[in-house]
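Residue numbers begin at 1 in each chain, while the letters A, B, ... track the order of the sequences.
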Number of protein chains: 2
Amino acid sequence: MGATKTEHFTGKHNSIAILAKALGHPARIAIIEYLLSVETCICGDIVNELPLAQATVSQHLKELKNAGLIKGSIEGNAVCYCIDEKAISRLQTYFANISVKLAKKKTDCC
Amino acid sequence: MGATKTEHFTGKHNSIAILAKALGHPARIAIIEYLLSVETCICGDIVNELPLAQATVSQHLKELKNAGLIKGSIEGNAVCYCIDEKAISRLQTYFANISVKLAKKKTDCC
DNA sequence: TTTTAATATTGCAATATTACGATAAAGATT
DNA sequence: AATCTTTATCGTAATATTGCAATATTAAAA
């Protein structure tokens with residue numbers, strides 16, 4: 001026990017959960033917002049922006065990247081990170097759909 | 001170490017992260033989708049729907065409730081759970097705003 | 001080529017999450 | 001009242017996450 005029973009859920013449920021989980025930490029939300037606010041996006045800037053050690057920030061960046069929320073391209077000896085629009089778009093669509101479905105429900109039971 | 005340094009981040013970042021984190025598990029996504037798909041929403045049904053023990057489902061429901069994503073009202077000896085539209089609406093707005101900001105950015109650096 | 005700068009990785013401690021059986025609590029049914 | 005049904009909570013084991021210092025890696029600069 002202890003591990004998420006991933007294999008018992010649908011691919012759709014898992015893939016949304018992976019995106020949500022990656023955003024489930026304030027540092028990673030802060031990274032996304034920072035990437036959104038700047039034109040140049042170098043990792044060093046992100047480290048300076050966050051109240052965490054370089055190693056920790058690097059780890060958070062890795063998780064965002066694994067989830068597909070950001071992409072990184074090597075730029076000399078620095079790395080240029082930026083948001084992957086497709087992932088954000090998927091989330092936007094997902095929550096918009098839920099909103100529409102909720103609006104259509106007549107019974108507001110609670 | 002080990003605990004999230006919540007106090008070092010803004011209230012906004014934390015509150016979005018709390019919502020995202022609550023959705024960061026396939027079982028909890030499955031619960032949201034199930035609540036969306038039914039009119040009557042009794043906890044027992046949710047337990048039957050998920051490949052997890054009753055205690056585990058109850059725990060996931062608690063987390064969704066703590067995050068503000070669902071509300072529960074006592075209905076006899078059962079509990080009627082349903083989605084809290086405000087939370088979904090907040091997420092929808094959040095990702096829509098990001099999408100808009102991304103579209104406005106000229107430089108697509110990666 | 002040594003040195004410097006920027007990131008990533010490793011190793012580890014602290015803490016959190018996931019899952020479930022057992023049990024408790026509280027209303028419904030008999 | 002005794003029992004059943006439904007949901008919550010407790011205790012505990014397994015696993016994952018968070019955070020950082022130390023170190024590795026890799027490219028630029030001197």
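- Across the protein-nucleic acid pair, A:Ile29 atom CD1 and D:dT18 atom P stand 12 Å apart, rounded to whole Å.
- Residue B:Glu63 is classed as a sugar-phosphate contact, given heavy-atom separations below 4.0 Å to backbone atoms only.
- Contact annotation: B:His25 reaches the phosphate of C:dA19 (side-chain N/O to OP1 or OP2, under 4.0 Å).
- Between B:Asn14 atom CG and D:dT18 atom C1' there is a gap of 14 Å when expressed in whole angstrom units.
- Atoms CG (A:Asn66) and C1' (D:dT17) sit 14 Å apart, rounded to a whole Å.
- A straight line from CD of A:Gln59 to C1' of D:dA24 spans 16 Å, rounded to a whole angstrom.
- Contact of the B:Ile18 side chain with the B:Asn66 side chain is not registered, since no non-hydrogen atoms from C-beta on lie closer than 4.5 Å.
- Rounded to whole Å, the distance from CG on A:Asn48 to C1' on C:dA5 is 13 Å.
- Using a 4.0 Å cut-off, no side-chain N or O of A:His60 falls inside it from OP1 or OP2 of D:dT17.
- With contacts defined as side-chain heavy-atom distances shorter than 4.5 Å, the pair B:Leu35/B:Ile46 qualifies.
- Using a 4.0 Å heavy-atom cutoff across all strands shown, A:Thr56 reaches at least one base atom of the nucleic acid.
- B:Ile74 comes within 4.0 angstrom of no nucleic acid atom, judged by non-hydrogen atoms across all strands.
- Computed from coordinates, the B:Lys5 NZ to C:dA16 P distance equals 14 Å when rounded to whole Å.
- At least one donor-acceptor pair under 3.5 Å links the side chain of A:Lys105 to the backbone N or O of B:Val38.
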*Can you check each nucleotide of nucleotides 2-8 of chain D against protein heavy atoms at under 4.0 Å and return B for base, S for sugar-phosphate only, - for none, in 5' to 3' order?*
---BSBB
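- Separating the CD atom of A:Glu75 from the P atom of D:dT26 is a distance of 18 Å, rounded to the nearest angstrom.
- Between atom OG of residue A:Ser99 and atom CG of residue B:Leu36 there is a gap of 9.5 Å, rounded to the nearest 0.5 Å.
- Put simply, A:Lys21 has a side-chain N or O that comes within less than 4.0 Å of OP1 or OP2 on D:dT17.
- Rounded to whole Å, atom C1' of C:dT18 lies 13 Å from atom CD1 of B:Ile31.
- When the side-chain nitrogen and oxygen atoms of A:Lys62 are compared with OP1 and OP2 of C:dT7, none of them lie within a distance under 4.0 Å.
- Pairs of residues two or more places apart, or lying in two chains, never qualify as salt bridge (charged side-chain N to carboxylate O under 4.0 Å, His left out) while including a residue from residues 90-103 of chain A.
- Counting only heavy atoms from C-beta outward, the side chains of B:Phe95 and A:Leu23 approach each other to under 4.5 Å.
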Report, one line per pair, each donor and acceptor closer than 3.5 Å where one atom sits in a side chain of residues 51-64 of chain B; sequence neighbours left out.
unit_1, atom_1, unit_2, atom_2, d
B:His60, ND1, B:Arg28, NH1, 2.9
B:Glu63, OE1, B:Arg28, NH1, 3.3

